[in-house]
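Atoms considered below: every heavy atom in the structure, side chains included; atoms not considered: hydrogens, waters and symmetry mates. Small disclaimer: the values here were computed from a predicted structure and weren't measured.
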2 protein chains.
Amino acid sequence: MAQKVKLSTIAEELGLSTATVSLALRDSPLVADSTRERIKEKAIELGYIYNRRAASLRTSRSGIIGVVVHDIMNPFYAEILRAIESELDRSRQTFILSNHYDSVEKQRNFIETLLQLGGDGVIMSPAIGTPVNDIKLAEDNGMPAILIARQVAGADVPTFRGDDAYGIALATNHLISLGHRNIAMVGGTDQTSTGRERYKGYVDALKKAGIEVDPGLRIPGPRTKQGGFEAAVNFLSMPQKPTAAVCWNDLVAIGLMNGISRAGLTVGVDISVTGYDDLEEAAIATPALTTVYNGQADVGRSAARALLDKLNGSSAADGLHLVKPEMRIRQSTAPLKKVPANG
Amino acid sequence: MAQKVKLSTIAEELGLSTATVSLALRDSPLVADSTRERIKEKAIELGYIYNRRAASLRTSRSGIIGVVVHDIMNPFYAEILRAIESELDRSRQTFILSNHYDSVEKQRNFIETLLQLGGDGVIMSPAIGTPVNDIKLAEDNGMPAILIARQVAGADVPTFRGDDAYGIALATNHLISLGHRNIAMVGGTDQTSTGRERYKGYVDALKKAGIEVDPGLRIPGPRTKQGGFEAAVNFLSMPQKPTAAVCWNDLVAIGLMNGISRAGLTVGVDISVTGYDDLEEAAIATPALTTVYNGQADVGRSAARALLDKLNGSSAADGLHLVKPEMRIRQSTAPLKKVPANG
DNA sequence: TCAAACTTTTAGATGTGTTTAAATTGTTGA
DNA sequence: TCAACAATTTAAACACATCTAAAAGTTTGA
């Protein structure tokens, strides 16, 4: 590698000062057009590489934005990330990604690293049990935080997520309208704000329809295909014989459908299943999954915009912003089958 | 936010020089133990945040490693990334992730950004059509590159990928041994080194078994579930009536299986399908997918280690390192069905 | 022709941590 | 008591781009 090319290299070659070169490369109107051109040409000729860390030392803007979610392999987050990426790309921000796998410690490490790198802001789907202090850590050091998908009690920062109670109620009502009364809720945990909201949506819908709520119909579990797949055994051997399942998300629903098919029953005929999120694959699952779109793209885009707004001084609205979910009816749900006499 | 705490803040508070503080925080043996402790305590007390960009300006080591792949939403890459992440985490490197979606330009932008940030190295699954110069750009500026999953002609850097020809031959041979002779190859492109290798593996296996190769049995297409799903129509209406399909990867295979089920046929009975990669979901697909494990974890881990080795001066072996794939037989493949007389 | 008013360019301080050579302090042993 | 040596600490240069105040160069117009 040849000697490193820096501003002063260009300046010397052209007999100018580094001040002029710096201004020219950033298109300052202070520099004469002809000079600017000569400088830009020379920069390309020499293969000059802008040193952002030197620059950000002065400007205290690094162009780096951090994003932490539970698991980028989870398509729900992946869809949000894609929206964030395309929004940030547009304003030439680099984004640093990390999983926290619900480890508060891993998440804090990430925040600290980001602070060390001079991150301009952070978008996070907080790990279960995130203390407000970890959000404060970021904010107090001049790095604004935006929350997505989950809330943190006491953290007064912009938060974007789907209206879970409303969304799950949509799914539950859909099943009720098909005649189902014995409806299980499969997957997920009640330890997150999301979990409590979703359970509430399910319970409220049942109550409103005059159906008694049986806590035995709640099967918590991992929010993955594997989790849904494993829940099938449990689901099929429940004493209450549910005829339908409201699943925590599409992954769980697809896993559950697979498990049910393995047992020789047909989803969309014998048993109805709803998902949540409307991932790309919901539409091509077999049978095509009835689900609730949770506004991933919206959440990602809004979160990114809110952060960019904050960075540009216009104060984004703090507090909770709910995105309205939408029902997507497909083939995994069907009217309640009349139970044959030998049932 | 209070006045920013820096080395000199700590130094002043304790009546020491910044030199001592700097050395102490990095555990230099030059500093007396008692002094080091006082300094560390003070640093915590004041909420000192290490400024990596200032440091890296001197040291020219940023602790940042870049990773670019086609699409992190693709579980194949996601599994590799997970292995890379856990390996890099161990040596306290931050990693910056990006998709290139096979845009050479987006990929180059990423490399440039990484150079600006002073990235220590880059791991990439190169975009289709990546010119050697883009690899050189990184290397020439002191940022070593490691390739995964795909090769770039003329780039003499460590490259890790599965042995595609061998792996696809495994799958093809498996189908041949079950009596199939009319075997289609579904999904993917022949524009990448991987594509050519895989097609070669398929062709060679057929030839070796004395089966004539019919180019009409090659159905290229997107490497996604959607792609496989859409290929089903095409596949089922082929004049050559294939009885089995070797798919580009598990996603295509799962999509194809879904498409075939939709058409009322049963995979694993009427038609045999093999995948490639052995993603987590292959095992829980319905029917469980026969596939070839492509060593994602190995590839990720080896690539990360190779990079870390290079950064530590021990020169990692340049050139191609092949990981041996392994057959995983499940329920999506079955012996050739005798064709009924009315066929 | 020369002061006033621009337009360009630049000197030099700045941001923060690292590192080396040198200074300071402490200890040992003759 | 003092040279020699070891253990600590520090001054100051350095990494590279930014930015302000001031200097230098041009043009305008009376």
(request) Decide, yes or no, whether a salt bridge links A:Asp298 with A:Arg305 under the criterion of side-chain N to carboxylate O below 4.0 Å. (result)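 Looking at A:Asp298 and A:Arg305, the cut-off is not met.
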(request) Could you check whether A:Ser60 gets within reach of a base, just the sugar-phosphate, or nothing at all, counting any heavy atom under 4.0 Å? (result) nothing
(message) Tell me the interatomic distance from B:Leu57, atom CG, to D:dA17, atom P, rounded to whole angstroms.
(response) 9 Å
(request) Could you tell me the separation between the CZ atom of A:Arg26 and the P atom of D:dC19, rounded to a whole number of Å? (result)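 The answer, rounded to whole Å, is 5 Å.
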(request) Give the rounded distance in Å between these two atoms: CZ of B:Arg58 and P of C:dG15. (result) 18 Å
(request) Looking at every strand, decide which applies to B:Val21 at a 4.0 Å heavy-atom threshold: base, sugar-phosphate, or nothing. (result)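 Answer is nothing: B:Val21 stays at 4.0 Å or more from every strand.
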(message) In whole Å, I'd like the distance from the CG atom of A:Asp33 to the P atom of C:dT9.
(response) 10 Å
(message) Need one value for A:Ala19: base, sugar-phosphate or nothing, where a base atom within 4.0 Å counts as base even if backbone is also close, heavy atoms only.
(response) base
(message) Using whole Å, what does the distance between atom P of nucleotide D:dT18 and atom CZ of A:Arg61 come to?
(response)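 The answer, rounded to whole Å, is 14 Å.
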(request) Would you kindly give the NZ-to-P distance between B:Lys4 and C:dG17, to the nearest whole Å? (result)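 Answer to the nearest Å: 8 Å.
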(request) Kindly indicate whether the side chain of A:Phe95, heavy atoms from C-beta on, has any atom under 4.5 Å from the side chain of A:Asp89. (result)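 Side-chain contact under 4.5 Å: no.
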(request) Using atom CG of A:Asn141 as one end and atom P of C:dT16 as the other, report the distance to the nearest whole Å. (result) 13 Å
(message) Could you tell me how far apart B:Arg38 (CZ) and D:dT9 (P) are, to the nearest whole angstrom?
(response)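 Interatomic distance, CZ of B:Arg38 to P of D:dT9: 8 Å.
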(message) As an exercise, state the distance from CG of B:Leu14 to NZ of B:Lys42, rounded to the nearest 0.5 Å.
(response) 6.0 Å
